[in-house]
Amino acid sequence: MEWIKKILILYLVFSLFSRLLPNEKYTRYCRVFLGMFFCLIALQDLPKVFGMEENIEQIYHKWQNSFQTAQMENMIEKMEGEMKEKQVQKYEQAATKSFAKHIEAQGYYLYKMEYVWEGNQLKGIKMHAGTVKRGDIYIEPIQIMEQERNTRENKIEKDIKSLAKNFYNLSEDNILINIQEDNQVQGNQSP
């Protein structure tokens, strides 16, 4: 019933104010202002009239809590993703270094290594390897017949695939190897 008192008091003040206006054309503007003010009072007190004041407050707090919870979950998910990415990078670096040492003992050299992930599972690897150690050296060009080259590359590929299969515990189908036997190794080349 308090809201009815507010409306009555507002109406009386408006009537008094409208009588004090010097010109009738300003009365229109006062009515528009009064109408907006009535709507504001009615909307403010409407939940109290229907006994919904606590429900609206509860709905607002639930919405606010769910919004904050969603923000926290997104932040946690982002942090977990960043941590996972760093762990994967560390694993790849350590595994590449270890595998490079492993095949170097067999006389092969690793030039480049890429890992294929499916979720959290290592599904395959792609590598570039060869029998020439890359660095700041010059190697005289050697002519090898095409058939000998293919046979030699197939043997190297099989050897490295076998080493990778045992080292990473992967199937040979998931290992892609590119054998590179450059006539001139990249780096500082001097004749």
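All of these numbers come straight from a predicted model, not from anything done at the bench.
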Gap separating the NZ atom of Lys161 from the CD1 atom of Ile125, nearest 0.5 angstrom: 10.0 Å
Inspect the surroundings of OH in Tyr91 and state if more than 12 heavy atoms from other residues, nucleotides or ligands are less than 6.0 Å away. yes
Hey, does Thr96 have a side-chain heavy atom less than 4.5 Å from the side chain of Leu110? yes
Looking at every heavy atom in both Lys84 and Gly119, which two are closest together, and how far apart are they? NZ-O, 4.0 Å
So OG of Ser98 and CD of Gln93: to nearest 0.5 Å the spacing works out to 13.5 Å
Rounded to the nearest 0.5 Å, how far apart are CH2 of Trp117 and CG of Leu122? 5.0 Å
Looking at every non-hydrogen atom in both residues, tell me the closest pair between Phe99 and Ile160 and how far apart they are. CZ-O, 4.2 Å
Is there a side-chain contact between Lys126 and Val116 (heavy atoms, below 4.5 Å)? yes
Enter the distance from Gln106:CD to Ser162:OG here, rounded to the nearest 0.5 Å. 9.0 Å
Under the side-chain contact (heavy atoms from CB on, under 4.5 Å) test against Val88, which residue among Glu92, Lys90, Glu85, Lys86 passes? Glu92
Any Tyr108 side-chain heavy atom under 4.5 Å of Asp159 side chain: yes
So the side chain to side chain donor-acceptor pair (under 3.5 Å) pairs with at least one residue in residues 64-82 (sequence neighbours excluded) are none
So with a 6.0 Å cut-off around CZ of Phe167, is the heavy-atom count from everything else above 12? yes
